[in-house]
Amino acid sequence: MPNPLLFLLVVLRTVAAVSGEGGDKADLCAGCRIHIRRIPPRFNAHLLRHCDAAFSLADPSAAATSAPPCESLVNHGLGPRTHTSSRSWYRTDTRLLEVFFHRRIEERACVVDDPAHADAVFVPYYAALDSLPYVLDPALLDSSAQHGASLAEFLARDQPQILLRRHGHDHFLVIAGSAWDYSQPPHTDPRLWGTTSLLRLPEFENFTFLTLESRAWPWQEHAIPHPTSFHPASLPRLRAWLARASRSRRTALMLFSGGVSRPSRPNIRGSILAECANRTDACVVVDCSAGKCSHDPIRYMRPMLRSKFCLQPPGDTPTRRSTFDAIVAGCVPVFFEDAAARRQYGWHLPPARYGEFSVYIPKEAVVFGGVKIAETLAAVPESDVRRMRERALELAPRVIYRRHGSSAELSETMKDAVDLAVDGALRRIRGRVRALEDGQPETIYSLEDDSVAT
């Protein structure tokens with residue numbers, strides 16, 4: 001029997017081609033046509049050849065607990081299954097988001113071969129992987145400002161009309177990391193270890209970047225969810241997991257998963273660890289130090305299923321993958337600053353609805369004001385806890401990355417993290433293009449924020 005998803009893709013791509021060339025009243029792809037820019041494999045596929053050496057250098061502390069580096073590449077970057085009988089759970093390496101995002105873009109119905117008919121141009125550049133030499137090799141540290149420069153040169157030289165058509169305002173790409181790691185000023189001297197200047201290159205200033213964490217002020221990037229290890233391929237598997245999370249018996253009040261080393265100065269993580277040490281009756285700590293949880297979702301998902309609240313303190317940067325693990329597990333996230341999620345993921349988690357599925361406790365109140373987290377959470381009525389859990393699970397499909405080749409039933413029923421990210425990028429691009437076509441390019445910088453989820 002023909003694959004119904006494949007049949008649907010063929011039909012919609014035919015409609016996209018016909019409508020783009022001749023104009024069709026039943027244009028299902030209006031405003032949504034994407035051209036995948038053809039770039040040399042040195043900017044994507046060839047970067048995967050060095051996984052064995054580069055990944056181990058990038059995360060040596062996790063070498064003993066992680067899957068062999070190159071195994072992470074299987075299943076188009078989703079990684080190996082957690083166990084042989086699993087059909088939805090994978091040992092996903094966040095650094096490969098660019099790989100499986102590329103795979104998912106290729107599946108979209110409204111992909112067009114002719115860039116002149118495209119509303120947006122996707123650049124399948126594996127930026128995070130290409131940055132590894134600059135951030136790992138001391139000999140290349142002083143060259144980190146050149147990260148992405150060769151791609152910029154190629155885009156300007158090869159079929160330059162694609163870039164010049166809208167001056168890059170219709171281009172978008174993905175970075176599997178925080179924008180902060182790619183925004184070092186290019187003339188910084190001495191160069192800062194671990195960062196590059198990709199987002200500061202003037203050739204890319206009009207591009208839209210989808211990053212795992214965005215900065216507060218620039219308009220060129222937008223945050224998308226950290227990938228979890230849950231990638232269902234069918235609607236029954238998604239519903240089965242959500243039902244399990246909904247009925248799970250939760251005996252622990254709160255949980256913290258993360259590094260357990262005590263900070264030298266007072267901060268929210270230190271306060272959480274101290275309170276959990278004194279309240280073992282109420283708090284569960286999952287030690288994720290030295291990469292123990294990086295590719296082992298069982299280590300933290302089972303405790304999350306048994307906990308009512310999951311604490312989400314900031315670390316080196318405000319956002320955490322654990323936020324999305326908690327939502328998928330139906331463990332109500334507890335935030336301590338708005339930058340942890342509310343100001344980041346508006347395309348996926350409506351900012352106005354955070355009170356429905358999460359709890360907010362100002363970190364200053366805990367660290368300096370004597371507020372006890374356990375007492376605060378224990379005071380939440382059980383009916384409210386159930387309601388917040390239900391809302392979190394309702395939103396869970398929006399933050400998961402479903403498996404490539406998913407059933408037509410699943411892809412038609414729900415929009416996942418990729419769908420919403422692309423929809424958001426297209427909205428942003430359409431707004432900028434309208435400004436250009438109206439002869440008011442300066443208004444691009446004052447466009448109303450487009451970060452509200454739909």
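Values reported hereafter were calculated over all heavy atoms of this structure, with side chains retained and with hydrogens, waters and symmetry mates removed. Residue numbers count from 1 along this sequence.
The pair D27-R33 meets the salt-bridge criterion, since a charged nitrogen lies less than 4.0 angstrom from a carboxylate oxygen. A salt bridge does not link E390 with R387: none of the charged nitrogens is closer than 4.0 Å to a carboxylate oxygen. Ionic pairing of E107 and R103 is present here: one or more N-O contacts between side-chain nitrogen and carboxylate oxygen are shorter than 4.0 angstrom. Salt-bridge check for D119 with R430: failed, with every basic side-chain N at 4.0 Å or more from each acidic carboxylate O. Looking at D416 and R104, a side-chain N of the basic residue comes within less than 4.0 Å of a carboxylate O on the acidic one, giving a salt bridge. A salt bridge is defined here as a Lys NZ or Arg NE, NH1 or NH2 lying under 4.0 Å from an Asp or Glu carboxylate O, and R434 with E437 fails to meet this definition. A salt bridge is defined here as a Lys NZ or Arg NE, NH1 or NH2 lying under 4.0 Å from an Asp or Glu carboxylate O, and R432 with D170 fails to meet this definition.
Evaluated for a side-chain contact (heavy atoms from CB on, under 4.5 Å) with Y401, the options L78, L97, T228 yield exactly one hit, L97. Only one option out of L199, I429, L173 pairs with F207 in a side-chain contact (heavy atoms from CB on, under 4.5 Å); it is L173. Here the options are R108, R398, M414, the test is side-chain contact (heavy atoms from CB on, under 4.5 Å), and the partner is D419; only R108 passes.
Residues passing the disulfide (SG to SG under 2.5 Å) test with C288 are C293, sequence neighbours excluded. Judged as a side-chain hydrogen bond (donor to acceptor under 3.5 Å, both in side chains), and not counting sequence neighbours, S178 has no contacts.
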Q: Take R166 and H169 through the test side-chain hydrogen bond (donor to acceptor under 3.5 Å, both in side chains) and record every step on the way to the result.
A: CA-CA 6 Å; R166 291 165 176 160; H169 284 289; over 6 Å; no
Q: Evaluate side-chain hydrogen bond (donor to acceptor under 3.5 Å, both in side chains) for S229 paired with R321, printing each intermediate quantity in order.
A: CA-CA 10 Å; S229 291; R321 170 176 172 165; 2.8 Å; yes
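Residues R403 and N75 have side chains in contact (heavy-atom distance under 4.5 Å, counting atoms from C-beta outward).
With no hydrogens or angles considered, a side-chain donor-acceptor pair links Q312 and S322 at under 3.5 Å. In this model, a donor atom of one side chain and an acceptor atom of the other lie less than 3.5 Å apart for E106 and H102. Counting only N and O atoms by type, the side chains of T319 and H226 include a donor and acceptor under 3.5 Å apart.
Between the side chain of R200 and the backbone N or O of S183, at least one donor-acceptor pair lies under 3.5 Å.
Each disulfide bond (SG atoms under 2.5 Å apart) pair with one or both residues in residues 323-360, not counting sequence neighbours, appears once here: C310-C331.
Using the six-membered ring where Trp is involved, F43 and F154 have ring planes that are tilted, between 30° and 60° apart. Ring planes of H147 and Y182: tilted class, angle from 30 to 60°.
For an aromatic pair to be called close, the ring centres must be under 6.0 Å apart, and Y90 with H231 satisfies this.
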